[in-house]
Amino acid sequence: MSATSPDVPERARLAAPRRLRGWLRQGALLTLAMACGVLVANNPFRPSSENPDATARGYLRFKEILSYVDRDYADSVDTEGLADYAVVQMLEKLDPHSVYIPARERDKTDAFLQSDYDGVGLEFNLFRDTVTVVAPLSGGPAEQAGVQPGDQILSIAGKRVSGAHLTTARLTELLRGPRGSSVAVELRRRHLGQSLRLSIARSRITNSSIDAAYLVDDQTGYIKVSRFASNTYDEFKAALVDLRRQGLTRLVLDLRGNPGGYLDRATRLADEFIAGSRKIVYTDGKGEQYDSQTYAKVAGEFEEGALVVLVDEGSASAAEVVAGALQDHDRAILVGRRTFGKGLVQQPIALSDGGELRLTIARYYTPAGRSIQKPYGANYAEYSADVANRAARGELQSADSVKFAKGLRFRTDHGRTVYGGGGIMPDVFVARDSVAHSAYFTQLMSHGVARAFALNFYQAHKAELEGLRFEQFNATFRISDTQLVSLAAQAAQDGVKADAGTVRRCAALLRNQLKAYIARSAYGTVAYYTVLREQDQELQSALHAVSDSSAQLALLGK
């Protein structure tokens, strides 16, 4: 029967086009829904198997709100920036160490753990907007091109850098570049009437994580490891073998300020000290796939002999794994202060936009079962201020101020009591040097005043210093009171002011630091650390502990 047949009522005839339009609209909506279904199916989002409905609702809620903001908000907005902000805030609600790294920042973040980079091999100081060479890397492109300590850099690649208000990061970017490429550098050198123009060919530069490795005396070695980067274990093994060849029978391993890095490099380093197949560390996560146990498995280079490990509140993560394993097995005496307390394991997850999610998937535990991670809650700011809070409670000045829960008591292999619940407490406590962390001394260092003063001195007395062996310099050289007054005046011009009493309290430390900087320019890195040792209270305590055999046995419960 036709829809327009006279037998059909008038309203039915009028309704027919409406029904047709409704069917068309429903068909269009169904098609759109199917298209959306295909898009959702192809989306990388996958809801949690444990709580899929809640995960999916949260995902769709965020997607819907961001769409409304982008489409209808009164002003134009950076939706990508808003999404980044939301992700950062979300991760901070989980724990302090789960982070999202945008694609634009990945190279900078990864560079910290790289064992090399392409550049010219140059260490510089930035003071009063003047870039001064501290030292060219030995054998590197800058040294081969003739760059010397104390040279001032006027321009890089034709760009004026002196007085240009550039950051250290930006200056580093200008000096680095693909290996084989060249960069033009203009320098000003003392006693020369005109500037020098050099073309420096960039090459691969070793980014060593072993800051120093030398013999303090005929038997005692010192090795400072600044981080656990990709090449740290190989560098450490080579340094240890070399020192053993020179006669090392006891060792101070310095992990102060070491923020961690690659866990496998840290456990391989610990294996050099731990005999047999004893446990080094284990992890415990939500699922069995994130649980692991790491054991010693090689015949190490130094499994016997006195060993002291220096730690402080800046020793974190992989550095704490090493310290905790050596303490639990009574293999080393730990000297310093309670470590940072970072015992969460992050898994790097590459994202489709080129960014990276570093998600906490487990916790680190020492062989005795101690959790390294200190407590944390939703207050990220309070967690970040933990070290400052320790100082306020007196923890950095007195071991008695450090409180551990009795329920978190553990035993080492020889029955010594150690505690879990946050960081590794050393066996020998050394108070933090209050002068080195005073406001005045810290400002002098951060403003580059002391290093600039030392570089100027080196340039002015270069010929005299070259005529001295380091041993002569170290035995006879002393910063005078007049020079300290001059330094204070120079600092005041840069906005770092202090009264005579403050300068007097810092005098001994300043003399030592200035002398060390001068030694660095004139004689190299080992000379720098040798001079610093005189005022390093923690290192002095470590050297005493490593050389006193009876004290070692008592501390290790043997």
Side-chain angles (χ1 to χ4, degrees), residues 48 58 62 81-103 105-106 108-113 226-229 255-263 266 281-287 290-292 311-324 336-351 355-366 369-393 395-396 402-405 408 419-425 432:
S48 162
F62 179 77
L82 286 176
D84 286 353
Y85 176 79
V87 167
V88 169
Q89 296 298 307
M90 174 182 67
L91 293 175
E92 283 186 5
K93 294 289 286 185
L94 300 178
D95 67 79
H97 300 294
S98 289
V99 295
Y100 164 65
I101 302 171
E105 296 178 11
R106 278 191 68 181
K108 293 179 183 178
T109 305
D110 293 342
F112 176 73
L113 295 179
S226 62
R227 65 194 187 285
F228 289 99
L255 298 181
R256 289 176 297 177
N258 184 319
Y262 293 120
L263 177 63
V281 67
Y282 70 92
T283 63
D284 185 25
K286 181 185 290 186
Y290 299 127
D291 297 345
S292 67
V311 295
D312 65 7
E313 55 280 356
S315 307
S317 192
E320 294 175 284
V321 167
V322 173
R337 291 177 297 280
R338 182 163 66 99
T339 61
F340 182 84
K342 195 274 187 187
L344 298 178
V345 186
Q346 280 73 51
Q347 175 173 286
I349 302 169
L351 303 176
E356 185 176 87
L357 170 64
R358 294 185 180 176
L359 185 66
T360 296
I361 47 92
R363 286 176 168 79
Y364 291 124
Y365 293 86
T366 72
R370 292 185 284 167
S371 172
I372 294 173
Q373 180 62 44
K374 61 189 175 185
Y376 61 86
N379 192 332
Y380 183 80
E382 184 175 333
Y383 182 86
S384 300
D386 174 65
V387 173
N389 292 336
R390 291 188 199 184
R393 293 192 298 267
E395 282 194 29
L396 305 182
V402 184
K403 306 299 181 185
F404 289 103
L408 296 175
Y419 290 91
I424 304 296
M425 186 68 183
R432 188 166 75 167

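Not measured: the values here are computed from a predicted model. What you see below is based on every heavy atom in this structure, not just the backbone, and it leaves out hydrogens, waters and symmetry mates.
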Would you check if Q347 and Y290 make a side-chain contact, meaning some heavy-atom pair closer than 4.5 Å?
yes
Any Lys/Arg nitrogen of R390 or E313 sitting under 4.0 Å from an Asp/Glu carboxylate oxygen of the other?
no
Rounded distance (nearest 0.5 Å) linking atom CD of Q373 with atom CD of E320:
8.5 Å
CA sep, side-chain torsions, deciding dist, call: T360, L94, side chain to side chain contact (heavy atoms under 4.5 Å, CB included)
CA-CA 9 Å; T360 296; L94 300 178; over 6 Å; no
Would you say H97 and Y383 make side-chain contact, with heavy atoms under 4.5 Å?
yes
Test side chain to side chain contact (heavy atoms under 4.5 Å, CB included) on I372 and T339; report intermediate values, then the result.
CA-CA 9 Å; I372 294 173; T339 61; 5.5 Å; no
Flag the pair Y100 / L91 as yes when at least one side-chain heavy-atom distance between them is below 4.5 Å, and no otherwise.
yes
Could you check whether any side-chain heavy atom of L344 comes within less than 4.5 Å of a side-chain heavy atom of Y376, counting everything from C-beta outward?
yes
Could you tell me if the side chain of R370 sits less than 4.5 Å from the side chain of I424, heavy atoms only?
yes
When rounded to the nearest 0.5 Å, the distance separating CD1 of I101 from CG of D84 is 12.0 Å
Run the side chain to side chain contact (heavy atoms under 4.5 Å, CB included) test on V402 and Y419 for me, step by step, so that the C-alpha distance in whole Å, both residues' side-chain angles and the decisive distance to 0.1 Å come before the verdict.
CA-CA 11 Å; V402 184; Y419 290 91; over 6 Å; no
First locate atom CG of D386, then atom NZ of K342, and finally report the distance between them rounded to the nearest 0.5 Å.
15.0 Å
Mark yes when over 12 heavy atoms from residues, nucleotides or ligands other than F62 sit less than 6.0 Å from its CZ; otherwise mark no.
yes
Between N258 and F340, is there a side-chain heavy-atom distance shorter than 4.5 Å?
no
Please assess D312 against R337 for the test side chain to side chain contact (heavy atoms under 4.5 Å, CB included), listing each intermediate value before the final yes or no.
CA-CA 5 Å; D312 65 7; R337 291 177 297 280; 3.7 Å; yes
Output for pair (T283 OG1, R363 CZ), nearest 0.5 Å, gives 11.5 Å
